[in-house]
Chemist: 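Okay, handing you the structure first.
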Amino acid sequence: MKPTYLIQQATLVNEGKTFVADVLIENEKIQKIGSIPAQEGYHLIDGKGKVLLPGVIDGQVHFRDPGLTHKADIHSESKAAVAGGVTSFIDMPNTRPNTLTMELLEEKYQIASQKSVANYGFLLGINGENLEEAITWDTRKLLALTDDGLYFSGKGNILADRPDMLEKIFAANKGILAIHSEKEEIVEKNEEAYREKYGDDVPVKFHPLIRSEQACFEATERAIALAKKHDAKLHILHLSTAKETSLFRNDIPLEDKKITTEVSVHHLWFTDADYEEKGTLIKWNPAIKTQKDADGLLQALIDDRIDLITTDHAPHALEEKLKPYFQSMSGAPLVQHSLACMLEFFKRGKISLEKIVEKMCHNPAILYKIKERGYIREGYFADLVLVNMDSPWTVSKENILYKCGWSPLEGTQFQTQVEKTFVNGNLVFDQGDFQEDSRGKALEVEWENKE
């Protein structure tokens with residue numbers, strides 16, 4: 001028998017409201033919300049003075065399993081996730097082999113069923129190699145198709161650069177296509193210019209000028225135009241410029257949007273001023289850009305032109321990151337610290353708790369039509385996070401849980417701390433202790449509602 005938990009007098013943040021209530025958890029689900037008397041056999045949790053949030057659904061991670069498990073694996077990174085309040089993740093296809101077939105997709109679900117402490121979903125990859133097969137698939141049961149990360153495996157695999165491929169996909173695919181949006185032609189010209197000046201030793205501070213605003217904007221603008229032409233569903237991953245935010249709507253609810261986007265935490269947290277101290281540790285694609293971009297992205301998040309907050313969690317071995325600019329791998333780990341970063345913005349008065357929950361919990365469930373998750377609702381899975389809003393701590397090597405063992409946030413002090421994380425009603429993280437044998441579930445898509 002699984003324990004029955006009663007969280008007492010917590011401050012719930014859910015569906016635009018903040019209120020004090022008790023929450024009863026039984027048989028994986030939230031059974032009741034309100035004033036609930038304690039009964040014999042209940043495991044009581046004192047929530048007084050603590051904030052209770054729905055579990056975060058991270059819509060973009062790279063957990064490296066299978067094939068790249070020297071950097072990370074589903075068990076290690078899902079542990080880091082739940083310690084940071086992330087109860088569900090959606091993983092990208094640039095594992096080895098790339099997830100380009102239904103069979104390989106099913107293999108990843110099998111791996112996760114054996115290894116993941118958190119709930120899990122996987123996107124199916126699409127590129128020049130499998131395009132003709134992919135456009136014949138029934139994608140209604142899938143979360144989405146994506147090209148993200150696959151451009152590392154060869155030129156011509158980034159869809160934003162291939163309007164011919166986009167046209168075919170948009171004409172055939174009724175589900176969501178999630179793309180990495182940069183124009184490689186512009187990036188390559190910029191690379192050549194900086195190589196002429198610096199050779200192979202280009203300073204990393206020029207990364208946002210090489211992978212420039214123009215490269216992002218032109219790719220996003222073209223992809224949106226093609227999606228609109230076909231009345232297709234397009235999701236732009238990890239938006240990085242303030243200029244691109246003008247291309248998105250906020251006059252209709254997310255449920256009615258065909259064109260959507262997200263911002264990853266690092267594009268809000270860091271700016272180009274941080275390259276001097278952090279160097280290649282904050283080399284991401286698309287690049288971290290200016291303070292004006294970070295401010296513009298945050299404003300677009302608040303006014304609903306940006307729909308989700310994700311991490312693009314992409315761990316690499318430290319020696320892979322510390323190489324010269326062109327050899328350094330792009331990406332960094334973030335899933336353990338994303339909620340802490342956003343709660344820090346709340347503490348600074350930059351964003352409300354309700355908006356954080358909307359973008360990190362509710363909206364991923366809406367966009368990807370994830371069944372019975374993302375909210376604190378009776379009858380929904382008990383994916384919950386109890387946060388102490390006044391518990392300072394500092395990121396250090398000793399408390400980093402990523403398999404790669406480092407973070408670009410080392411030395412950062414946060415004011416809030418996740419105390420307990422429930423996944424499907426199981427208390428999987430409790431003030432540093434893990435229920436390591438607990439396993440999450442595959443995210444279920446309410447596909448019958450998809451067009």
Side-chain angles (χ1 to χ4, degrees), residues 53-66 68-69 71-95 99 105 107-125 142-144 146 148-149 176 178 235 237-238 262-266 308-315 331-342 359-374 381 383-385 401-404 418 421-424 426 428-429 434 436 438-445:
L53 310 176
V56 172
I57 302 172
D58 192 337
Q60 191 194 168
V61 304
H62 304 261
F63 278 2
R64 309 299 190 200
D65 205 344
L68 296 164
T69 52
K71 304 176 195 247
D73 62 61
I74 285 174
H75 185 66
S76 66
E77 306 314 282
S78 67
K79 273 185 65 181
V82 297
V86 176
T87 57
S88 301
F89 63 85
I90 297 174
D91 186 70
M92 294 292 149
N94 61 325
T95 41
T99 315
L105 185 69
E107 280 182 27
K108 286 182 81 169
Y109 276 100
Q110 286 297 323
I111 292 168
S113 72
Q114 297 164 20
K115 296 174 75 169
S116 184
V117 181
N119 303 312
Y120 48 87
F122 299 93
L123 297 196
L124 185 57
L142 302 179
L143 291 160
T146 188
D148 190 61
I176 297 168
H235 183 69
L237 297 163
H238 42 46
E262 66 187 41
V263 63
S264 293
V265 172
H266 50 276
L308 313 184
I309 299 168
T310 61
T311 62
D312 191 18
H313 173 85
L334 205 56
V335 75
Q336 185 184 345
H337 302 106
S338 57
L339 181 58
C341 286
M342 295 312 302
K359 303 297 183 177
M360 298 188 88
C361 312
H362 303 338
N363 282 6
I366 293 170
L367 177 66
Y368 292 113
K369 294 186 168 28
I370 297 167
K371 190 175 181 182
E372 295 179 352
R373 301 191 190 278
F381 286 102
D383 298 341
L384 299 167
V385 183
L401 294 168
Y402 310 129
K403 192 173 186 178
C404 66
V418 171
T421 303
F422 292 86
V423 178
N424 304 313
N426 295 313
V428 297
F429 176 77
F434 292 88
E436 291 211 36
S438 183
R439 292 294 172 261
K441 295 177 178 288
L443 299 176
E444 188 177 345
V445 177

Chemist: Could you tell me whether a side-chain N or O of S78 sits under 3.5 Å from a main-chain N or O of I74, the two making a donor and an acceptor?
Modeler: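 Indeed, once roles are kept as given, a pair shorter than 3.5 Å links the two residues.
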Chemist: Answer whether the closest heavy-atom distance between the side chains of T311 and S264 falls below 4.5 Å.
Modeler: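 Side-chain contact under 4.5 Å: no.
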Chemist: Say whether, by atom type as modelled, one donor and one acceptor occur between the side chain of K403 and the main chain of T69 under 3.5 angstrom.
Modeler: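 The answer is yes, because a donor-acceptor pair under 3.5 Å joins these two groups.
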Chemist: Can you confirm whether E107 sits close enough to P66 that some side-chain heavy atom of one is under 4.5 Å from a side-chain heavy atom of the other?
Modeler: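 Counting from C-beta outward, E107 and P66 never come under 4.5 Å.
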Chemist: With distance as the sole test, does Q60 use its side chain to make a donor-acceptor pair with the main-chain N or O of L237 at under 3.5 Å?
Modeler: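 No; zero donor-acceptor contacts below 3.5 Å.
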Chemist: Show the nearest heavy-atom pair for residues G84 and L339, with the distance to one decimal.
Modeler: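 Distance-wise, the nearest heavy atoms are O-CB, 3.4 Å.
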Chemist: Only one of H62, K108, R64 forms a side chain to side chain donor-acceptor pair (under 3.5 Å) with D91, so which one is it?
Modeler: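 Running side chain to side chain donor-acceptor pair (under 3.5 Å) over H62, K108, R64 with D91 returns exactly one hit, K108.
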Chemist: Kindly indicate whether the side chain of D148, heavy atoms from C-beta on, has any atom under 4.5 Å from the side chain of L123.
Modeler: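 Result no, sub-4.5 Å side-chain heavy-atom pair not found.
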Chemist: Among residues at least two apart in sequence or on other chains, which ones pass side-chain contact (heavy atoms from CB on, under 4.5 Å) with A332?
Modeler: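 Here the qualifying residues are W284, W406, P408.
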Chemist: Might you point out which heavy atoms bring T87 and G55 nearest each other, and give the distance in Å?
Modeler: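 Shortest heavy-atom separation between T87 and G55 comes out as OG1-CA, 3.2 Å.
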Chemist: Can you tell if the side chain of V117 reaches within under 4.5 Å of the side chain of V423, non-hydrogen atoms only?
Modeler: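 With C-beta onward as the side chain, the pair stays apart.
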Chemist: What is the distance from atom CG of L68 to atom OG1 of T95, rounded to the nearest 0.5 Å?
Modeler: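 L68 CG to T95 OG1: 7.0 Å, rounded to 0.5 Å.
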Chemist: Distance from L308 atom CG to I366 atom CD1, nearest 0.5 Å?
Modeler: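 Those atoms lie 9.5 Å apart.
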Chemist: Checking side-chain contact (heavy atoms from CB on, under 4.5 Å) for the pair V61/E77: CA distance, chi angles, key distance, verdict?
Modeler: CA-CA 10 Å; V61 304; E77 306 314 282; over 6 Å; no
Chemist: Using the ring of each side chain (for Trp, its six-membered ring), is H337 parallel, tilted or perpendicular to Y402, with breaks at 30° and 60°?
Modeler: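 Perpendicular.
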Chemist: Would you sort out whether D312 and H266 count as a side-chain hydrogen bond (donor to acceptor under 3.5 Å, both in side chains), showing the intermediate values?
Modeler: CA-CA 9 Å; D312 191 18; H266 50 276; 4.5 Å; no
Chemist: Answer whether the closest heavy-atom distance between the side chains of F89 and H313 falls below 4.5 Å.
Modeler: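 Not in contact.
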Chemist: Classify the ring geometry of Y368 against H235: parallel below 30°, tilted from 30° to 60°, perpendicular beyond 60°.
Modeler: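 Perpendicular, since the angle between the ring planes exceeds 60°.
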Chemist: V82 and A118: which non-hydrogen atoms are nearest, and at how many Å?
Modeler: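 For V82 and A118, the tightest heavy-atom pair comes out as CG1-CB, 3.9 Å.
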Chemist: Using 0.5 Å steps for rounding, measure from the CE atom of M92 to the CZ atom of F63.
Modeler: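 Answer for the CE-CZ pair, M92 versus F63, is 11.0 Å.
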Chemist: Of the non-hydrogen atoms in P93 and T146, which two are nearest, and what is the gap between them?
Modeler: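 Shortest heavy-atom separation between P93 and T146 comes out as CD-CG2, 3.4 Å.
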Chemist: Could you state the interatomic distance from CZ (F381) to CD (E444), rounded to the nearest 0.5 Å?
Modeler: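 Spacing of CZ (F381) from CD (E444) equals 7.5 Å.
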Chemist: Under the side-chain hydrogen bond (donor to acceptor under 3.5 Å, both in side chains) rule, collect the residues that match up with H362, sequence neighbours excluded.
Modeler: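 Expected list: none.
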Chemist: Only counting residues at least two apart or in another chain, list the ones meeting side-chain hydrogen bond (donor to acceptor under 3.5 Å, both in side chains) with R373.
Modeler: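 Partners of R373 under the side-chain hydrogen bond (donor to acceptor under 3.5 Å, both in side chains) test: D383, N424.
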Chemist: Which pair of non-hydrogen atoms, one from G121 and one from Y109, has the smallest distance, and what is that distance?
Modeler: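 So the two residues come closest at CA-OH, 3.6 Å.
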Chemist: Would you indicate whether the side-chain heavy atoms of I370 and L143 approach each other to under 4.5 Å?
Modeler: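 A side-chain contact under 4.5 Å exists here.
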Chemist: Using ring centroids (six-membered ring only for Trp), state whether F434 and H75 fall under 6.0 Å.
Modeler: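 That pair fails the under 6.0 Å test.
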Chemist: State, to 0.1 Å, how close V56 and C361 come at their nearest heavy-atom pair, and which atoms those are.
Modeler: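 Taking V56 first and C361 second, the nearest heavy atoms are CA-SG, 4.0 Å.
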